[in-house]
Amino acid sequence: MTSASPPAAPDTADPEEPERHRLGSPGLRRVNLALFAAGLTTFMSLYCTQALLPELSESFHVSPARASLLVSSRPAPSRSR
């Protein structure tokens with residue numbers, strides 16, 4: 001068995017088509033790591049209050065069900081002018 005060489009890139013690149021990362025390239029690894037970090041950070045910011053729910057329930061004298069609304073609530077968007 002002989003390994004086939006990859007097809008040669010055309011000499012004229014289409015100016016409309018953006019350049020893509022190659023499979024296994026350091027650039028693609030950085031993009032994948034950045035997307036993973038963004039997803040993990042989003043997940044953590046959504047559920048970081050969950051560990052505090054028993055303490056919040058006790059401190060504010062509300063039921064655990066009511067305190068759990070913090071997990072599903074989101075901050076109001078800020079209006080900057």
Side-chain angles (χ1 to χ4, degrees):
M1 285 185 168
T2 61
S3 62
S5 61
D11 292 339
T12 57
D14 185 9
E16 297 294 320
E17 188 173 331
E19 188 175 328
R20 296 175 183 238
H21 291 286
R22 293 178 186 239
L23 189 62
S25 69
L28 184 61
R29 280 192 285 260
R30 284 192 298 269
V31 169
N32 284 338
L33 181 62
L35 288 172
F36 174 76
L40 184 63
T41 303
T42 302
F43 180 79
M44 287 180 359
S45 67
L46 285 173
Y47 294 102
C48 67
T49 59
Q50 202 163 17
L52 300 173
L53 292 179
E55 184 66 31
L56 292 172
S57 176
E58 187 177 307
S59 295
F60 292 110
H61 306 290
V62 295
S63 68
R66 189 135 195 195
S68 70
L69 292 174
L70 283 174
V71 175
S72 60
S73 68
R74 66 176 183 90
S78 63
R79 294 187 178 195
S80 59
R81 293 182 183 201

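The backbone N or O of Leu53 sits nowhere less than 3.5 Å from a side-chain atom of Ser57 that would complete a donor-acceptor pair.
A pairwise comparison of heavy atoms in Leu28 and Leu23 identifies CD2-CA, 3.8 Å as the closest pair.
Members clustered with Met44: Phe36, Leu40, by chain and number, using a 4.5 Å side-chain heavy-atom cutoff among hydrophobic residues.
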Side-chain polar contacts of residues 59-66 - donor-acceptor pairs under 3.5 angstrom, sequence neighbours left out - could you list them?
unit_1: Ser59; atom_1: OG; unit_2: Glu55; atom_2: O; d: 2.9
unit_1: Ser59; atom_1: OG; unit_2: Glu55; atom_2: OE2; d: 3.4
unit_1: Ser63; atom_1: OG; unit_2: Arg66; atom_2: N; d: 3.1

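For Glu58, there are no side chain to side chain contact (heavy atoms under 4.5 Å, CB included) partners at least two apart in sequence or on another chain.
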